[in-house]
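Per chain, numbering begins at 1; letters A, B, ... match sequence-line order.
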2 protein chains.
Amino acid sequence: MANSKLYKGSLVTIILKLLNESDKMYGYEITQKVKALTKGELKITEGALYPALHKLEAEGLLEVEVKKVDNRLRKYYKLTEKGNKETVSKLQELQEYIKTMQVLVNPKLIVE
Amino acid sequence: MANSKLYKGSLVTIILKLLNESDKMYGYEITQKVKALTKGELKITEGALYPALHKLEAEGLLEVEVKKVDNRLRKYYKLTEKGNKETVSKLQELQEYIKTMQVLVNPKLIVE
DNA sequence: CTTTTATACATAAGAATATTATGTATATTT
DNA sequence: AAATATACATAATATTCTTATGTATAAAAG
């Protein structure tokens, strides 16, 4: 997941936001979408993604629908109502994080 | 360290940048400085800070000078030359991270 | 004047998150 | 025919942090 350790902790935010836009997505699709959007800068590994999806489902933030396409399984995930709320919350946290880090790293600027 | 998991991975960047500005600081001073700059939003825990400082020292990014002030020990840390270079690198990574996350989270905006 | 809070270090046990490696299976491209 | 892409999954390990605990001195509060 990129050369930077900063991405640690960001995966759930990314998953939720992508599902928030695309209505429903399957795991492999998420990895490809992230790769494309970031021009290869960020690669979601399967060992991180699938356990994360399972956890979000167990928490009731995602619901699954299994489909067979071209004789292969796809597990489509979509946000529940709870998942939508959590998405908003996670995006706010991201904005807070960015603001706080800019204060720490550019202490001479006042960031509104 | 705040309510958000996003800070995971950011501690080294914070430490290096603060030392880059203040010439030398001791551990407790770092915790107080971060608390003050972020108005209490971010609190560096000792269980995270001290091992991180020891690791940075072991890697040759920091050097230590022990002083006794008011009959109490202080371990002053300052950046080595290698530490200065790493600071620049970590700050670039932070800017990259923020840019990438904004692409993922605001895919309709083009971020330069 | 005694207890609490602040200063200042440290480490160990455990939780959380991700990497790396491995496995299964089908479809497509070389 | 072999390699790559699609699509899922998990186990072992690494990394980072939280929580809890420990030591010790100084200052503030009751």
**Message:** Taking only side-chain N and O atoms of B:Lys68, does any of them lie within less than 4.0 angstrom of OP1 or OP2 on C:dA8?
**Reply:** no

**Message:** Looking at every non-hydrogen atom in both residues, tell me the closest pair between A:Ala52 and A:Leu11 and how far apart they are.
**Reply:** CB-CD2, 4.0 Å

**Asked** Tell me, do A:Tyr77 and A:Glu57 make a side-chain contact under 4.5 Å, heavy atoms counted?
**Response** yes

**Request:** Write out all pairs satisfying side chain to side chain donor-acceptor pair (under 3.5 Å) with one or both partners inside residues 82-96 of chain B, taking only residues at least two apart or from two chains.
**Result:** A:Ser4-B:Glu93, B:Asn20-B:Asn84

**Complete:** Residues pairing under ring-ring contact (aromatic ring centres under 6.0 Å, His included) where one sits in residues 46-72 of chain A, two or more places apart or in two chains, turn out to be none

**Prompt:** What are the two closest non-hydrogen atoms of A:Glu46 and A:Pro51, and how far apart are they?
**Reply:** O-CD, 3.7 Å

**Item:** Evaluation steps, side-chain contact (heavy atoms from CB on, under 4.5 Å), between A:Lys78 and A:Asp23
**Value:** CA-CA 6 Å; A:Lys78 74 188 291 185; A:Asp23 182 52; 4.2 Å; yes

**Inter- and intrachain pairs under ring-ring contact (aromatic ring centres under 6.0 Å, His included), touching residues 5-49 of chain A, at least two apart** = A:Tyr7-B:Tyr97, A:Tyr26-A:Tyr76

**Prompt:** Is any side-chain nitrogen or oxygen of B:Tyr26 closer than 4.0 Å to OP1 or OP2 of C:dA8?
**Reply:** yes

Output one line per pair: protein atom, nucleotide atom from nucleotides 13-16 of chain D, and distance, for all N/O pairs under 3.5 Å.
unit_1, atom_1, unit_2, atom_2, d
D:dT16, OP1, A:Lys5, NZ, 2.9
D:dT16, OP2, B:Lys55, NZ, 3.0
D:dT16, O3', B:Gly9, N, 3.4
D:dT16, O2, B:Lys8, NZ, 3.2

**Asked** Given C:dT11, is OP1 or OP2 found less than 4.0 Å from the side-chain N or O atoms of B:His54?
**Response** yes

**Complete:** Separation of D:dA5 atom C1' from A:Lys33 atom NZ, nearest Å, is 19 Å

**Item:** Connected via hydrophobic side-chain network under 4.5 Å: B:Val64 and B:Met25
**Value:** yes

**Item:** Protein proximity profile, nucleotides 25-30 of chain C - base contact B, sugar-phosphate-only contact S, no contact -, cut-off 4.0 Å on heavy atoms
**Value:** -BS---

**Asked** Distance-only, no hydrogens or angles: does the B:Thr38 side chain make a donor-acceptor pair with backbone N or O of A:Thr100 under 3.5 Å?
**Response** no

**Request:** Could you state the atom-to-atom distance from CG of B:Leu73 to P of D:dA24 in whole Å?
**Result:** 12 Å

**Fill in**
Atom NZ of B:Lys75 and atom C1' of D:dA24 are separated, to the nearest Å, by 15 Å

**Message:** I need the NZ-C1' distance between A:Lys24 and D:dA7, as an integer number of Å.
**Reply:** 16 Å

**Integer-rounded Å distance: C:dT17 P and B:Leu6 CG** = 11 Å

**Request:** Report the distance from atom NZ of B:Lys43 to atom P of D:dT18, rounded to the nearest whole Å.
**Result:** 12 Å

**Fill in**
Between B:Val69 and A:Ala2, the residue closer to the 5' end of DNA chain C by nearest nucleotide is B:Val69

**Asked** Considering all heavy atoms of both residues, which atom of B:Leu42 and which atom of B:Val34 are nearest to each other, and what is their separation?
**Response** O-CG1, 3.5 Å

What nitrogen or oxygen pairs link the protein and nucleotides 19-21 of chain D at under 3.5 Å?
none

**Request:** Starting at atom CD of A:Glu57, determine the distance to atom C1' of D:dA9, rounded to an integer number of angstrom.
**Result:** 14 Å

**Message:** Looking at every heavy atom in both B:Leu49 and B:Gly27, which two are closest together, and how far apart are they?
**Reply:** CD2-O, 3.3 Å

**Item:** Whole-Å distance separating the CZ atom of A:Arg74 from the C1' atom of D:dC8
**Value:** 12 Å

**Asked** Does OP1 or OP2 of D:dC8 have a side-chain N or O of A:Tyr50 closer than 4.0 Å?
**Response** yes

**Request:** Using a 4.5 Å cut-off on heavy atoms from C-beta on, say whether the side chain of B:Met101 contacts that of A:Ile14.
**Result:** yes

